[in-house]
2 protein chains.
Amino acid sequence: MLSTADIRRPIVAAAALTAFARGGFHGTTVADVARDAEISPAYVFKLFPRKELLFVAALEVCFERIVAALAAGADAAEGGSPEAVLDSMGDAYAHLIRDRTLLQLQVHAQSVADVPELGDALRAGLARVTTFASERSAGSDDQVQRFMAFGQLCHLLVTAGIEESGERWAQVLSHGIRHPE
Amino acid sequence: MLSTADIRRPIVAAAALTAFARGGFHGTTVADVARDAEISPAYVFKLFPRKELLFVAALEVCFERIVAALAAGADAAEGGSPEAVLDSMGDAYAHLIRDRTLLQLQVHAQSVADVPELGDALRAGLARVTTFASERSAGSDDQVQRFMAFGQLCHLLVTAGIEESGERWAQVLSHGIRHPE
DNA sequence: CACCCGAGTGAGTGTACGGTCACTCATGTG
DNA sequence: CACATGAGTGACCGTACACTCACTCGGGTG
């Protein structure tokens, strides 16, 4: 049976997800996460002994949600061509990241990936996403690579606030990129 | 005539470039930059009154070097088709970022782009790069967008250390991506 | 009842960082 | 000589943060 600590850990991880997504690893304090999770900082350390482990847990939640969304997208295009499946996954991803949280956390993770544990967690997540997209769409390596490349471009567009600028160069970068609502 | 402060400022900016590229904005202290520049922290603050201004200066140096490299790449394919010019620019960029410094700084900048001054500086740099690639190659919006998207994928490959892993999914992401030597 | 054990916290500790300021020193100028 | 000016720094301040620890509380078990 699960102890209350085991029950609370994923709740804290979810709070860490939103907190770290806001400020990144170095820009977010454990106290910030504790406040979001409505527990004391001391107890956060009892659940996750080091700040890095908290970030890793947040990343795992992040990629969990992403893969789930991609799966739903793939379901919606069941039996279609690889392009159709990848396209539907792209739509699902675009929908998922409307609130930017999952996207921002990935960007922050990229910038601290030189910390071994954090880099490992990032690679593990990317492995899941890439493998899933590849197998589920049955697309060629080129198609999957392109899918991921445009995902990265999308991250840049959002984090740098490029779409809002409306200038010519911004249109070049963002034309045809999905953004629901 | 230039005061010695005006002469020293770009030197400090160059030091800031490498220091911030290593640790990011929050992960690098002004004292780190001062040490690299071989001056006292107090004097860094006299040259750049706030840490943000130091980072902005580093970003400007970064994009300056990138545009210069792209220009050299474009020269090497003078008169070729848009694809050929963009391809040559890509080669030049791949060569430029062998040591990862300029690449890492861009990724770090992306993760702190919500700080207004830093986001502005990032957008200004991206505007220069995108506009330059677009005008100099005379490529279509699609071609330029694709050029930038694969640049972003390249950033992910390097920062997350994906090429080293050698696993199947890593090959999917990195196949055909240039990496001289 | 006595006892234990996990949940949860308040109150700290050491350290490090952004930023300031009063100061020294060298150079040039009347 | 007296004096101004800019380069450059040491010592400091307030604050904030990662992490610790001794403690309390409440529910289960003999």
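So you know, we letter chains A, B, ... as the sequences are listed, proteins then strands, and number each from 1.
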- Would you say B/S40 reaches D/dG8's phosphate, i.e. side-chain N/O to OP1/OP2 under 4.0 Å? no

- Query: Roughly how many Å is it from CG in B/L47 to P in D/dG8, rounded to a whole number?
  - Reply: 8 Å

- Task: Send over the distance from A/F45 CZ to D/dC17 C1', rounded to a whole Å.
- Result: 9 Å

- Message: With heavy-atom distances below 4.5 Å as the criterion, would you say the side chains of B/L53 and B/E117 are in contact?
- Response: yes

- Note on the structure: Walking DNA chain D from its 5' end, the first of B/Y43 and A/A42 to be reached, judged by nearest nucleotide, is B/Y43

- Item | Note: A/D141-A/R146 ion pair, threshold 4.0 Å (strictly below) | no

- Quickly work out the B/D32 CG to C/dC17 C1' distance and round it to whole Å. 10 Å

- Between D/dG8 (P) and B/D6 (CG): distance, integer Å: 12 Å

- Message: If you go through the side-chain atoms of B/K51, does one of them form a donor-acceptor pair with the base of C/dG19 closer than 3.5 Å?
- Response: no

- Nearest-Å distance, NZ (A/K46) to C1' (C/dT9)? 9 Å

- In whole angstrom, what separates B/R50's CZ from C/dT20's C1'? 15 Å

- Query: Considering the options B/M89, B/Q106, B/M148, which one meets the side-chain contact (heavy atoms from CB on, under 4.5 Å) requirement together with B/V129?
  - Reply: B/M148

- Measure the acute angle between the ring planes of B/F25 and B/F20, then classify it against the limits of 30° and 60° as parallel, tilted or perpendicular. parallel

- In whole angstroms, how far is the P atom of D/dT9 from the CD1 atom of B/I39? 7 Å

- Query: Between atom CZ in A/F20 and atom P in D/dA18, what is the gap in whole Å?
  - Reply: 8 Å

